[in-house]
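The chains referred to below are lettered A, B, ... by the order of the sequence lines, with proteins before strands, and numbering in each begins at 1.
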Number of protein chains: 2
Amino acid sequence: MTRVPSDERRAALIQAALAVIDRDGVSAATTRAIVAEAGMSLASFHYAFRSRDEMMRELIAFVVANEKRVTLAAVAPGTDIRTAVRAGLQAYFDLLVENPQREQALFELMNYSLRTPELDAVPAAQYASYFAAAGELLEYGALATGVTWSRPVQEVARILIAINDGYTLAWLADRDAVAAGRLMDFAADTIAALARPARPSPRPATPQEPQP
Amino acid sequence: MTRVPSDERRAALIQAALAVIDRDGVSAATTRAIVAEAGMSLASFHYAFRSRDEMMRELIAFVVANEKRVTLAAVAPGTDIRTAVRAGLQAYFDLLVENPQREQALFELMNYSLRTPELDAVPAAQYASYFAAAGELLEYGALATGVTWSRPVQEVARILIAINDGYTLAWLADRDAVAAGRLMDFAADTIAALARPARPSPRPATPQEPQP
DNA sequence: AGACGACTGGGACGATCGACCCAGTTCGGC
DNA sequence: GCCGAACTGGGTCGATCGTCCCAGTCGTCT
């Protein structure tokens with residue numbers, strides 16, 4: 001085994017752990033399974049991490065940090081908001097179908113965090129990250145299609161995430177892609193119904209001035 | 001230890017296992033923890049069940065069968081459909097707040113089933129049961145408030161379950177009851193928008209005659 | 001070049017897991 | 001009352017877990 005800096009080794013172990021978790025679940029992510037996946041020896045694990053818990057904490061932090069980056073994917077600009085939202089949902093769904101294990105692993109990691117006393121604050125941060133990412137997406141989509149949201153973006157984002165999680169769980173359970181497609185259509189209709197033209201003509205209120 | 005029929009012993013062990021899972025999670029539900037919770041000896045476990053897997057199968061079957069019964073709770077009749085749906089959502093949410101561990105355990109059990117090859121068909125049945133229960137609830141609610149659904153009840157049920165699962169997950173993560181309330185309001189509005197008066201006056205079609 | 005610290009490989013530890021075994025105990029049918 | 005079957009308690013097995021230890025190896029700095 002060649003010499004590798006500690007940080008790289010930590011990252012490699014986390015990637016290996018994620019591969020094991022994707023394939024066999026959180027409970028199968030033992031230290032031995034992880035180092036076997038990474039092609040290292042057992043001693044390297046405890047040289048890189050003080051304990052398995054420490055690695056799990058870093059793994060979850062890594063996953064949470066990366067989700068936001070990954071989620072900010074393709075939003076088709078120039079079209080209407082309904083089409084844009086529907087396209088975003090489809091992009092996520094395609095990702096889900098391509099790699100269902102990953103999404104299931106995220107649910108498992110959330111359960112793991114909720115069960116671990118020192119990690120029980122993580123899911124809240126995780127969802128805050130989801131909402132923030134969805135909010136950015138919605139604001140970008142609204143800007144690109146010339147609309148504004150009739151509710152605070154955070155509320156719309158929460159609705160979007162909720163519906164998304166909902167049909168993701170159902171699809172993971174019964175793999176009914178047709179039903180999932182109908183739900184995405186419905187979600188796009190519903191979300192789009194919360195959008196209004198950017199310059200409301202009949203309203204006398206001036207949108208430029210912020211409320212005190 | 002007094003003498004107890006085998007069936008009662010199996011049921012008692014499953015109840016004990018559920019208590020352990022609620023409190024400490026699926027991974028903590030070892031044979032020793034379960035018999036300690038039930039106040040039995042280790043031998044009783046393997047006398048009642050051939051293996052831990054067999055008990056888990058029966059436990060999941062029990063949970064799935066019971067959910068439908070539990071879900072068919074209170075629907076306030078006589079009011080409008082929006083109020084009825086909102087009340088149903090609130091009833092579920094109250095149950096969730098009262099016992100969050102149980103709902104989290106259900107998610108964990110779903111993950112466990114998806115990871116277990118011989119149980120991977122269970123989540124589909126689980127969700128089919130959810131949809132059926134939600135469908136009955138929606139049909140009953142529509143009947144009680146004098147409306148019909150503009151889409152097949154199964155579709156509306158799937159929407160309801162998706163939103164429900166969505167805000168349940170988010171609430172489990174960040175315990176934001178206010179946001180959950182807003183989402184329930186939104187869900188009630190959205191679902192109610194799919195209802196129409198039972199006797200459409202302008203339509204020439206006769207609702208009495210079934211389509212061939 | 002030599003030495004010091006970073007790093008690795010392999011073995012071992014105690015704890016805990018599911019499963020099993022078997023000598024006792026207790027109950028119901030005769 | 002007695003006998004066979006249902007049932008229990010306690011001990012034990014092999015496997016696997018996270019963690020640790022230690023003798024070796026290899027860069028890197030002086």
statement: Here the distance between atom P of C:dG5 and atom OH of A:Tyr47, to the nearest Å, is 12 Å

statement: Taken to the nearest whole Å, CE/A:Met40 to P/D:dT25 is 21 Å

side-chain N/O B:Ser41 vs D:dG10 OP1/OP2, d < 4.0 Å: no

Report, one line per pair, each donor and acceptor closer than 3.5 Å where one atom sits in a side chain of residues 157-170 of chain B; sequence neighbours left out.
from: B:Arg158; atom 1: NH1; to: A:Asp174; atom 2: OD2; distance (Å): 3.4
from: B:Arg158; atom 1: NH2; to: A:Asp174; atom 2: OD1; distance (Å): 3.2
from: B:Arg158; atom 1: NH2; to: A:Asp174; atom 2: OD2; distance (Å): 2.9
from: B:Asn164; atom 1: OD1; to: B:Tyr167; atom 2: OH; distance (Å): 3.0
from: B:Asp165; atom 1: OD2; to: B:Tyr127; atom 2: OH; distance (Å): 2.6
from: B:Thr168; atom 1: OG1; to: B:Tyr92; atom 2: OH; distance (Å): 3.1
from: B:Thr168; atom 1: OG1; to: B:Asn164; atom 2: O; distance (Å): 2.7

query: Atom CE in A:Met55, atom CG in A:Leu13: separation rounded to 0.5 Å?
result: 8.0 Å

query: How many Å lie between CG on B:Asp24 and P on C:dC17, as a whole number?
result: 12 Å

field: Gap between atoms CE and P, on B:Met56 and C:dC17 respectively (whole Å)
entry: 14 Å

- prompt: Looking at residues at least two apart in the chain, or sitting in another chain, which of them share a ring pair (Phe, Tyr, Trp, His ring centres under 6.0 Å) with A:Phe186?
  reply: none

task: Using the test side-chain contact (heavy atoms from CB on, under 4.5 Å), find all partners of A:Gln126 that sit at least two apart in sequence or belong to another chain.
output: A:Val64, A:Glu67, A:Met110, A:Val122, A:Tyr130

Separation of atom CD1 in B:Ile34 from atom P in C:dA19, rounded to whole Å: 11 Å

- request: For each nucleotide in nucleotides 16-21 of chain D, reading 5' to 3', give B when a protein heavy atom comes within less than 4.0 Å of its base, S when such contact involves only the sugar-phosphate, and - otherwise.
  value: -BBB-B

- prompt: What pairs with B:Asn99 under side chain to side chain donor-acceptor pair (under 3.5 Å), at least two apart in sequence or on another chain?
  reply: none

- request: Name all residues meeting the side chain to side chain donor-acceptor pair (under 3.5 Å) criterion together with B:Arg23; count only those two or more places apart in sequence or in a different chain, and write none if there are none.
  value: B:Glu37

